Every structure is written in structure tokens, then in C-alpha cells.
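Data block below; observations after.
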Amino acid sequence: MKYNKTPGWLDFHQAPSVPHFVLPEGTVDAHCHVFGPGEVFPYSSERKYTPCDASKKQLFALRDRLGVSRNVIVQATCHGDDNSALVDALKSAGELARGVATVKRNISDKELKNLHDAGVRGVRFNFLKRLVDFTPKDELLEIAHRIAPLGWHVVIYFEAADLPDLWDFFDAIPTKVVVDHMGRPDVSKPVDGEEFQLLVRMLREHENMWCKVTCPERLSLTGPAALNGELAPYKDVVPFAKYIVENFPDRVLWGTDWPHPNLKDHMPDDGLLVDFIPLIATTVALQEKLLVKNPSGLYWDK
Ligand SMILES: O=C(O)/C=C(\CC(=O)C(=O)O)C(=O)O
């Protein structure tokens, strides 16, 4: 089927630069997606946006260009709970990729096992109203209990303002939990302010909780953007990500978020997003944990 992209859709950068920062051997891009291609893997009828196609082949080409070793591919909402494109990419990548799926309560044990065999190691619960319809918490908790025996974890995507309401639910999740994009802080507020410190408190009080220091391009309000060789982009996000990396060095993950769905004003150069890493993980030891050791343990059991 042919699809028309959401009006104003920005396609991913067509010629990302080769980063100056040389990624350590074994680096994992722990947050990226594949979209379609729609003709092979149709988009969900429940989707809130229609993206450009972004195939496994294009993802693997980016991986190699950036010097990334492995990927964690996260099911995006435009594919609903049909994980076929994700599974297809995982099967092609073999040991070089793991996945995070979206499932509903009617999934069978056999289907869960098939996802596991393909490389899935987690499910994602998304709380952004612009991306998904509401799913009752009891359904999500039921899913969390079903996936726990597989050794999987739960990835949560929410906005900072919603954390107070979601706290008790997150507290009840019986598995490891990974927070997407630092819980989407409002970076015009202070790092030591109430809002961001609630996320910090959640991480401090829950040793099962991890955090992705991803998406400066989504969170930044003042830029400058990672374009045209800019080596100090998204300066307003740096204090937030650096704080999380330094306070929770053993529970942080990094990723590109390629192909950057739903960006509105610019599309970053992915090479420059790699060059952002030393601004937030300022020592070789922190970089090794963020990029290699932490994701290897969570997704590859090593
Ligand atoms: O790519 C991301 O992580 C962020 C997204 C898209 C998304 O999560 C999804 O469609 O599942 C966003 O904020 O629009």
C-alpha cells in the first residue's frame, strides 16, 4: 500500500557526517526505529502519524557510518502492536541487534517466545497522548507480569509533567524499567528544580530503573542545532543529561532515535549527535559504561 506522509514530515538526514568522536568498540545505539517500508510492512490503522519509510538496510548503513557496533530497535507507535518490521530487522541483524516490542494483553505465550527468539528483550509502554490511545493500567501491569519470567524489561515513555500521576504505576512494575528520553524534561526549568528532581528521585529510589540520555534534538529549546558542523549543539540539554550520567553511571543508555519521528523544525545530522556524547559523558570510563557495558548487560546478558 502507498502512504502519504503526515503533512510537514521531516525525513531523516540523507548524508550524515562521519563523527569526530570515535565510538568505543561494542557501542550500542539503544534507541532507534525502523519504519516499514509501508509496502511490505503496512503502518497501523491506529497510528497517529505516517512517517517516511526508514528501512532496516538504511538503519544498518547508518550504524556502520557512525561506527556503532549494535542496535536496539524500538517498536514505534506507527506500527501499533504489529512487530513484523521489527522482527524482520532483528532477524537480519542477528547478534548485532535486540528489540523492544509493543504487545497487547491478548498475545499468546507462543508469540512472546517467538519475539524472544527473534531478539526482543522488552516491551514499551507509551503515555504520550499525541502518539497513542489510552491503555488501562491493569492491562499494562498484566503484560509486565507476563514478560517478567522471560527476563525482559519495560521501557516507559512519558512527559515530565505526567510523572506525579504515573509514579505509583511505575513503582508497581516488577521488572527492570527504562525511562525514554530522560522523561522529557522541560529544559527551560532548572536541573535542581522540582520537576527534574522528581525523575532523579525516582531513579534514586528504584535501583531497577534505568534512563536513556537520548533526544537532545527533541528536548532543546535554544539549540544550536546539530547541523553544518556545529560541535556544541543543544547546549541547554547538556546539564540534564550530564547530571543523569554522573549520578547513575551504571544505569544509563545512549541512542540516536533515528529516524527521528515527528521533529518539527529541523532534522539533525546523526554524526553530530555522536559528537554530542563527550559533552554529557566526559570521561572514558563514563563513555564505556554508557555506550558499551550498560547496554551489553541489559540486552546481551554480558
Ligand atoms: O522516537 C521516539 O522515541 C519518539 C517519538 C515517536 C515514538 O516514540 C513512537 O512513535 O513510538 C516521538 O516523540 O514522537
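Keep in mind the model is a prediction, meaning the values are calculated, not measured. In listed order, ligands and their atoms are each counted from 1.
- Both the sub-6.0 Å distance and the 45° axial angle are not jointly satisfied by R146 relative to the ring of W152.
- Protein residues are said to neighbour a ligand when one of their heavy atoms lies under 4.0 Å from it; for ligand 1 these are H31, H33, Y49, A76, T77, R124, N126, R130, L131, Y157, H181, R184, R218, D257, P261, N262.
- Legend: residues meeting salt bridge (charged side-chain N to carboxylate O under 4.0 Å, His left out) with K104, ordered by chain and number and at least two apart, are E46.
- The pair D257-K212 fails the salt-bridge criterion, with no side-chain N (NZ, NE, NH1 or NH2) lying under 4.0 Å from an Asp/Glu carboxylate O.
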Q.
Could you go through H79 and F41, starting from their C-alpha distance and side-chain angles, then the distance that decides it, and tell me whether this counts as ring pair (Phe, Tyr, Trp, His ring centres under 6.0 Å)?
A. CA-CA 8 Å; H79 278 297; F41 302 107; 7.3 Å; no

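- Here K57 pairs with nothing under the salt bridge (charged side-chain N to carboxylate O under 4.0 Å, His left out) rule; sequence neighbours left out.
- The other members of the hydrophobic cluster of V72, by chain and number, are V28, V74, V100, V155, V178, W210, L253, L298, Y299, W300 (side-chain heavy atoms under 4.5 Å, ILVMFWY only).
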